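Taking it in order: structure first as structure tokens, then the write-up.
Note on naming: letters A, B, ... go to the chains in the order of the sequence lines (proteins, then strands), and numbering restarts at 1 for each one. What you see is a predicted model; the values in this text were computed from it and never measured.
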Amino acid sequence: MVDFINELNENQREAVVNTEGPTLVIAGAGSGKTRVLTYRIANLLSKGVPAYRILALTFTNKAAREMQKRIATLVGQGNAANLWMGTFHSIFSKILRVEAEHLGYTSNFTIYDSQDSKNLIKSIVKDLKLDDKVYKPNDVLGRISMAKNNLVVAQAYAQSAKITSADQAAKKPMISEIYKYYQARCKQSDVMDFDDLLLQTNILFRDFPEILEKYQKKFDYILVDEYQDTNYSQYLIIKRLAEQHKNICVVGDDAQSIYSFRGARIENILNFRNDYPGYKLCKLEQNYRSTTTIVDAANSIISRNKEQIPKKTFSQNEEGDKIRVMKALSDKEEGFQVAQEIFRISQNEQAEFNNFAILYRTNAQSRIMEEALRKRNIPYKIYGGLSFYQRKEIKDLIAYLRLTINQNDEEALKRIINYPRRGIGDTTIDKLKEVAQKYNVSIWTLLCNLNKVPGMVSVMTAAKLTHFRQLIEGFTEIAKEENAYETTYRVAKASGIIEDLSSDDTPEGVSRRENIQELMNAVKDFCETAYKEGRDDKLPAFLEGVALLTDQDSEKPEDNNKVTLMTIHSAKGLEFENVFIVGMEEELFPAQQSAYSPSALEEERRLFYVALTRAEKRVIMTYSTSRYKNGNVVYPQPSRFIAEIDPHYLDGFFTPARPSMGRSLHGPGIQEKVARPNITLQPKVEVPDIDTSKLVPINGEQIIPGMVIFHPNFGPGKVISIDGLGVNKKAKVMFPKHGQKVLLLKFAKLYVQGHTN
DNA sequence: CGCTATATCCTTTTT
DNA sequence: GGATATAGCG
Ligand SMILES: Nc1ncnc2c1ncn2[C@@H]1O[C@H](COP(=O)(O)OP(=O)(O)OP(=O)(O)O)[C@@H](O)[C@H]1O
């Protein structure tokens with residue numbers, strides 16, 4: 001039996017025990033929402049609900065795995081194994097495989113990742129003879145994605161006056177056309193992109209009521225984590241599935257909604273009460289994760305947002321350290337300082353490296369941190385960047401496998417038709433594309449009918465093309481008979497990939513070979529587990545999930561004691577003892593693009609809230625006064641977010657009054673309630689004996705008893721005594737307003753009155 | 001056709 | 001700084 005008494009507080013228990021009907025758990029960070037979800041599922045299982053009748057949606061595959069593991073320890077492995085638990089994308093891609101035929105796809109449809117989608121858009125832009133400067137793949141995909149996430153199909157897109165006039169205004173009137181072709185080409189290639197997985201599920205449920213009913217009956221209980229970051233498409237899937245029994249439990253925190261760029265709607269969680277009248281509301285107010293300092297500081301930040309549900313959150317943990325702010329003069333120094341601090345803390349407190357995380361706003365910041373950690377021999381693991389399955393050699397091999405299963409997969413074909421080199425050049429490929437377009441068939445179909453288009457290519461080229469076709473056909477035959485591992489192995493060999501890589505003895509070449517080997521191992525692993533569990537071990541079954549894997553999913557056992565480097569976005573839902581938030585600078589965090597939009601700025605602030613609340617014990621923020629950005633040096637100002645934290649919780653941040661304010665980011669029309677454009681704090685206390693405009697920084701070494709110094713938070717004070725040596729040198733200081741404090745001079749930013757000439 | 005050297009663009013955040 | 005597009009040579 002699950003121990004609800006000791007592991008849950010009263011409110012949590014309430015939400016775990018009352019399993020029927022709609023339930024909304026809305027609560028601040030670290031308050032045990034995910035725990036509620038986990039125990040609720042465990043409770044359902046222990047009450048005898050079959051696992052396969054429970055649908056649980058998480059934000060990442062990793063979150064799903066961890067929840068599954070946790071549930072397994074509560075109720076036993078056998079019980080938890082058959083849960084329908086995963087991301088929206090992975091769960092509904094499985095359902096779509098079963099139902100694909102109803103929608104005109106095959107069950108082996110390929111999933112395009114964003115790179116594939118962008119390449120397809122690029123080629124359409126070219127076909128339509130549009131300016132690729134105007135129609136940038138990223139932008140166009142963004143528009144299409146946004147449309148799909150709001151269930152706007154190509155036709156509706158073209159008919160929507162609102163959308164088309166927006167495109168017109170942006171001088172990109174042809175996006176609607178591109179969308180149309182994009183969708184047609186996907187369909188022709190038996191391809192769905194990420195957003196299709198949700199959009200097509202909606203179409204399926206809309207157009208085939210009997211199928212919807214089947215799944216409504218299949219899933220007796222539906223649970224959704226991180227509900228604040230669901231988009232309209234996801235929202236509607238859930239609403240449809242829960243329509244009959246309304247056994248739906250969603251948990252979330254509007255203050256942690258950080259995926260609006262992906263179409264997430266905070267309204268989904270705000271409107272739950274309207275969608276499910278008679279719902280039970282569960283509020284959790286105690287934060288079990290963080291120190292009171294962190295919780296209070298995070299609350300003081302988020303309260304500056306206008307758009308929010310007011311929530312109480314308190315912590316009964318110890319007060320903990322103040323949030324430290326470190327300033328660096330360059331991005332390199334910032335990295336050095338962070339590495340130094342991690343090293344120092346790990347020594348002082350015997351802390352393992354896996355208790356540290358370095359969080360940043362953009363992936364580009366990771367490199368500097370990596371270098372600094374490497375120099376100090378601190379082990380680290382990095383998330384984000386390109387995942388294992390996005391490496392060149394892996395994508396190449398996967399492309400062969402994809403083409404083996406789905407010959408109409410144009411992006412895969414284009415990728416490998418001439419890799420390894422087989423003398424099929426750009427001219428030939430362009431010609432093939434052109435003719436295929438003309439006859440409205442896939443390139444593969446064209447390859448199968450070369451004789452019907454005489455004179456298209458030379459006899460020599462035709463022979464090469466035919467040879468390529470036969471190669472793939474051979475693979476397809478193998479794939480029918482053999483398991484995924486055998487097939488992959490033979491494809492890697494016969495395609496020439498292995499040979500091509502074996503001739504390369506540079507370190508990169510060696511690492512490529514290792515990667516291929518690693519993929520082989522993964523496939524082997526897949527086959528072995530599949531065989532043991534009596535599941536399908538053929539290639540299509542392996543390939544199904546590959547496009548949806550991220551690098552969080554290829555974690556290795558040896559990674560377990562390393563410092564974690566990731567973006568704040570990917571840190572959502574995680575927790576670490578010590579968190580470094582680096583790059584706390586204007587134009588970086590908040591992102592430059594957000595500066596002029598109040599709502600975007602609020603989202604940045606929520607992101608900051610997420611970052612702070614990942615920490616259990618300690619937060620250290622860093623900023624640099626110079627940094628490389630796109631190859632150029634920029635000189636950023638400290639982030640406004642630092643100054644938005646009540647200084648009471650901060651240690652080491654103060655900017656003396658500058659003669660002139662930094663340039664304001666706010667035009668006269670935009671008013672913002674609390675956020676100050678720049679950090680020009682006027683000292684709050686009037687001090688007769690210190691002229692604050694003439695303060696100069698002072699090095700810890702130079703401080704001696706009797707000195708009058710100025711502290712950013714505590715104002716002026718008199719040094720009473722000094723003790724400790726080197727990095728441990730401390731000063732006892734009497735502050736008239738705050739009493740006596742002991743300051744670690746290494747980190748305290750102190751100022752003295754400058755000499756006036 | 002294939003390879004290499006040089007120019008150009010970009011950059012939030014992710015399933 | 002890094003990925004990608006293009007030019008130019010062998
Ligand atoms: N009743 C409880 N007693 C003790 N610890 C708890 C309790 N509930 C949750 N915790 C712990 O608090 C931490 C945060 O819990 P959880 O991750 O479930 O919170 P959350 O609300 O999902 O957080 P976030 O929204 O920040 O992702 C975890 O370490 C969890 O083990």
Side-chain angles (χ1 to χ4, degrees), chain A residues 57-64 86-93 111-115 117-119 122 126 132-133 136-139 141-142 145 148-149 192-199 226 229-231 233-234 257-264 331 359-368 371 383-387 389-390 392 418-430 458 460-461 464 545-553 566-572 583 585 587-595 597 600 603-604 606-608 610-611 627-634:
Chain A
L57 295 157
T58 58
F59 201 71
T60 62
N61 294 312
K62 189 182 171 197
T87 62
F88 276 87
H89 290 86
S90 77
I91 294 287
F92 294 105
S93 73
I111 300 172
Y112 270 4
D113 65 19
S114 343
Q115 197 51 56
S117 295
K118 277 178 222 164
N119 290 341
K122 232 181 278 177
K126 209 165 139 196
D132 58 1
K133 299 269 182 309
K136 294 189 198 121
N138 241 334
D139 295 359
L141 183 61
S145 172
K148 285 186 174 181
N149 285 328
M192 294 200 201
D193 65 13
F194 282 140
D195 305 313
D196 274 331
L197 298 175
L198 308 173
L199 171 63
E226 309 280 13
D229 272 325
T230 50
N231 60 37
S233 194
Q234 293 167 322
S257 175
I258 54 175
Y259 279 92
S260 73
F261 70 94
R262 215 168 85 183
D331 43 8
L359 306 182
Y360 34 77
R361 178 66 241 267
T362 66
N363 284 306
Q365 288 164 262
S366 68
R367 221 196 74 253
I368 302 267
E371 279 168 12
Y383 296 97
L386 61 159
S387 85
Y389 286 93
Q390 312 205 32
K392 220 178 294 149
N418 197 32
Y419 175 78
R421 311 257 99 96
R422 47 176 72 86
I424 303 173
D426 291 347
T427 333
T428 308
I429 296 170
D430 282 348
S458 70
M460 261 256 290
T461 310
K464 288 178 196 159
V546 165
L548 300 175
L549 291 179
T550 65
D551 52 352
Q552 299 210 9
D553 302 317
M566 55 169 57
T567 61
I568 303 168
H569 279 91
S570 26
K572 188 168 75 155
E585 293 145 31
E587 321 242 285
L588 185 59
F589 190 25
Q592 196 179 352
Q593 297 87 333
S594 316
S597 151
E603 178 150 324
E604 295 285 311
R606 291 194 293 269
L607 192 58
F608 184 44
V610 170
R627 165 182 310 279
Y628 275 94
K629 217 176 184 179
N630 309 337
N632 311 313
V633 187
V634 293

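- With hydrogens and angles ignored, the 3.5 Å screen pairs no side-chain donor or acceptor of A:Glu604 with any backbone N or O of A:Ser594.
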### Task
Give the intermediate values and the outcome of side chain to side chain contact (heavy atoms under 4.5 Å, CB included) for residues A:Arg606 and A:Ser257.
CA-CA 7 Å; A:Arg606 291 194 293 269; A:Ser257 175; 4.0 Å; yes
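- Atom C1' of B:dT13 sits at a distance of 22 Å from the matching atom of C:dT4, rounded to the whole Å.
- The side-chain contact (heavy atoms from CB on, under 4.5 Å) test applied to A:Lys136 returns A:Asp139, not counting sequence neighbours.
- Here the closest heavy-atom approach between residue A:Ser117 and residue A:Asp193 is recorded as OG-CB, 3.7 Å.
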### Query
Nucleotide by nucleotide, 5' to 3', does protein get under 4.0 Å of the base (B), only the sugar-phosphate (S), or neither (-) in nucleotides 3-10 of chain C, counting heavy atoms?
--S-----
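- Side-chain atoms of A:Asn363 do not come within 3.5 Å of backbone N or O of A:Thr567 as any donor-acceptor pair.
- Looking at A:Lys148 and A:Asp196, a side-chain N of the basic residue comes within less than 4.0 Å of a carboxylate O on the acidic one, giving a salt bridge.
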### Message
I'd like to compare against my own output: the B/S/- annotation of nucleotides 9-15 of chain B with a strict under-4.0 Å heavy-atom distance to protein.
### Response
-SBBBBB
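- Legend: residues meeting ring pair (Phe, Tyr, Trp, His ring centres under 6.0 Å) with A:Phe261, ordered by chain and number and at least two apart, are A:Tyr259, A:His569.
- Of the possible donor and acceptor atoms, none in the side chain of A:Glu371 sits under 3.5 Å from a partner among the backbone N and O of A:Ile368.
- When the side-chain contact (heavy atoms from CB on, under 4.5 Å) test is applied to A:Ser366, the partners found at least two apart in sequence or on another chain are A:Tyr360, A:Glu370, A:Ile382.
- With rounding to the nearest 0.5 Å, the separation of CG in A:Asn231 from CG in A:Leu198 is 6.0 Å.
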Protein-nucleic acid N or O pairs under 3.5 Å, nucleotides 2-7 of chain B:
{"unit_1": "B:dG2", "atom_1": "OP1", "unit_2": "A:Gly423", "atom_2": "N", "d": "2.9"}
{"unit_1": "B:dG2", "atom_1": "OP2", "unit_2": "A:Asn418", "atom_2": "ND2", "d": "3.1"}
{"unit_1": "B:dC3", "atom_1": "OP2", "unit_2": "A:Arg421", "atom_2": "NE", "d": "3.1"}
{"unit_1": "B:dC3", "atom_1": "OP2", "unit_2": "A:Arg421", "atom_2": "NH1", "d": "2.1"}

